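Input: a single structure, listed below in structure tokens.
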Amino acid sequence: MFKILRYCIHMLLIRPFLLGFVGLNLIYRERLPASGAAILVANHNSHLDVPAIISLFPLGLLDKFRPVGARGYFFRNRVLAWCAIHLFRLIPLNRDRFLPSDGDPLHECSRALEKNEILIIFPEGTRGIPGQLGPFKPGISHLARRHPDVPVIPIFIDGTGKVLPKDAYIPVPFVCDVYIGNAVRWNGDKKMFLQIIRQEILNMNNQLPHFATDPNHEILNQIY
Amino acid sequence: MIPDNIMVFLEIIIVTLSIVTTVIYGLVKYKPTAELKEIWLRIRTWWMMIIIFMIAILLGPVISLVFFALLSFLALREFLSLIPTRSVDRPTLLCVYLTIPMQYLLIANGNYEIFVIFVPLIVFLFLASSMVLAGETPGFISAISTLNWGLMLTVYLLGYVGFVLVITSDGGLITSNAVLVLFLVFLTELNDVAQYTFGKLFGTTTAIIKVSPNKTAEGFAGGLSITILSAVLIGPWLTSFTTWESLIAGILIGVAGFLGDITISAVKRDLGIKDTGRLLPGHGGVLDRVDSLLFTAPVFFHYIYQFKLY
């Protein structure tokens, strides 16, 4: 029942809106594994990040994507919680505190990977300012250590932070680009592992054209 | 009712493109260089564009206008995505998109007096007010200038293609004006392709302008000659122009098309990008494709409007 509704809403509302009105591009698609589980690690500037990634793939893969989000944020009201669970099949994560009595916080993520699902994780933990990559939380290292066969794929999303930034409610159309990075495998060192993924995302960011030649451009870029 | 000569003309285009496609296909199979593969990609996209454009023209003036409005939307969205924008201007940018349906409604009603002042005057004043009321002065001049310029390019100039459809009207769209749009768009695109081809085949290394190293004197002269020749050949047959009127139209389209092309090149140079988008594989973005049309459309329109050539 919810599955049919989910497919309908994605097909008739979310995809036409994102692909037709906002505009999305997928770059380096060939770097994605053809099948099996994967962990997508992306920068986070907007609520549109998850729908944008999902909309760039065939509708048949809709139920393979499992975004990971903060329980405290998405479950604070019923509408948001309903959307997160039924439209995007969110895996809720306790962002604030871990007590031994809470059990394994990454249990749901592990189970999803065992079912060959694709996790979408934003290691910054929250939506940041476009163009600035915040520090990474170590959760992806724990997951990668537990599932060393699962490729971790860095993703750089450009533009969603302009379409719908953190404090905005009305989206403005700007073309967004989703870049797929080179897959990273677990290398045994938590800090190094995080660093490699972070650097891969930063590299994709640095390939963007810059407007540094004109001082006015620089002012505008700072404001944004 | 679609006049017979339009159908014949469209058939000629399809047959010509089929021949070119076959030749390029053979060349790609024979010697698959990177450049030929790029041209092959371009031709595949040409097919897509020509089929969509022909359907839009054949389905009548209302659908044609909707098509040009969509083209304006895609071009404006591309432009706004490329330029630096300020977050404080978000509400203004949303309003900017609303100028497209308004402008095309004015066109559909054949409302010439308001059509010519809507973007350069009414929207101009509105945007300045809206942005100044947002209250942030750093970057104000850059933000408002780039925004206005993008609107002029993608909504005002492109809208002239649509206004050609209503040029004879006292209010309302006229099916037979499709020949004028076809004449304008065909010659503009032919001029592009001919300049590119002549530049590639006979171009020396010296560029005529600083902006683009690919623009050579040979390319410009060759393209212009082909455009004038085609204008003289098809003008009297397809439209109500005489040979001389067609000749002048050909010169205007050839020169304006070249200037439009290098103007968008200059924009891309300034922004440090190669293509304005990724919507049209092999070509780049919508702005990359309509760059010449932005300049040829108003020039052609005012030429036939002033001299009553319709």
Side-chain angles (χ1 to χ4, degrees), chain A residues 16-30 45-46 48 52 56 127-132 157-180 205-224, chain B residues 70 72-101 130-131 134-147 150 154 266-281 284-288:
Chain A
F17 171 76
L18 285 175
L19 297 170
F21 187 60
V22 170
L24 294 178
N25 291 311
L26 182 57
I27 297 143
Y28 306 130
R29 167 182 238 137
E30 67 280 0
N45 299 320
S46 166
L48 292 180
L56 282 165
R127 289 167 296 157
I129 300 161
Q132 293 178 16
I157 308 171
D158 181 42
T160 51
K162 281 165 89 177
V163 177
L164 191 71
K166 200 166 180 171
D167 300 314
Y169 293 98
I170 299 169
V172 177
F174 287 100
V175 181
C176 302
D177 294 325
V178 175
Y179 295 80
I180 309 290
N205 179 37
N206 292 339
Q207 281 170 13
L208 295 179
H210 289 286
F211 317 113
T213 45
D214 180 350
N216 285 330
H217 281 147
E218 244 169 335
I219 292 170
L220 287 170
N221 283 340
Q222 279 163 16
I223 291 164
Y224 212 99
Chain B
L70 279 174
S72 276
F73 170 71
L74 293 174
L76 178 64
R77 189 178 72 184
E78 228 163 62
F79 188 85
L80 293 184
S81 308
L82 294 174
I83 58 168
T85 48
R86 308 184 302 171
S87 52
V88 61
D89 294 330
R90 284 173 48 82
T92 311
L93 292 174
L94 204 59
C95 291
V96 159
Y97 283 103
L98 291 178
T99 60
I100 296 172
S130 163
M131 283 169 93
E136 197 155 303
T137 43
F140 177 75
I141 300 176
S142 293
I144 190 127
S145 313
T146 45
L147 190 55
T154 60
V267 171
K268 292 189 285 187
R269 272 290 158 97
D270 191 19
L271 293 170
I273 51 173
K274 199 179 147 288
D275 292 327
T276 59
R278 297 166 192 272
L279 207 61
L280 306 170
V286 171
L287 267 177
D288 286 313

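By convention in this document, chain letters (A, B, ...) are assigned in the order of the sequence lines, proteins followed by strands, and residues within each chain are numbered from 1. None of these values were measured; they are calculated from a predicted model.
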Straight-line distance of B:R278 CZ to A:I27 CD1, nearest 0.5 Å: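 Separation between the atoms: 3.5 Å.
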Can you tell me if B:R90 uses its side chain to pair, donor with acceptor, with the backbone of A:V163 under 3.5 Å?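 Yes; judged by distance alone, with no hydrogens or angles, the pair exists.
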If we ignore hydrogens and angles and just use 3.5 Å, is the side chain of B:R77 paired with the main-chain N or O of A:F21 as donor and acceptor? yes
Looking only at non-hydrogen atoms, find the nearest pair between [X] and [Y] and report the distance.
| X | Y | answer |
| --- | --- | --- |
| B:Y97 | A:V172 | CE1-CG1, 4.2 Å |
| B:L80 | A:F174 | O-CE2, 3.4 Å |
| B:L94 | A:P173 | CD1-CD, 4.1 Å |

Where on A:I170 is there a heavy atom nearer than 4.5 Å to chain B: the side chain, the backbone, both, or neither? both
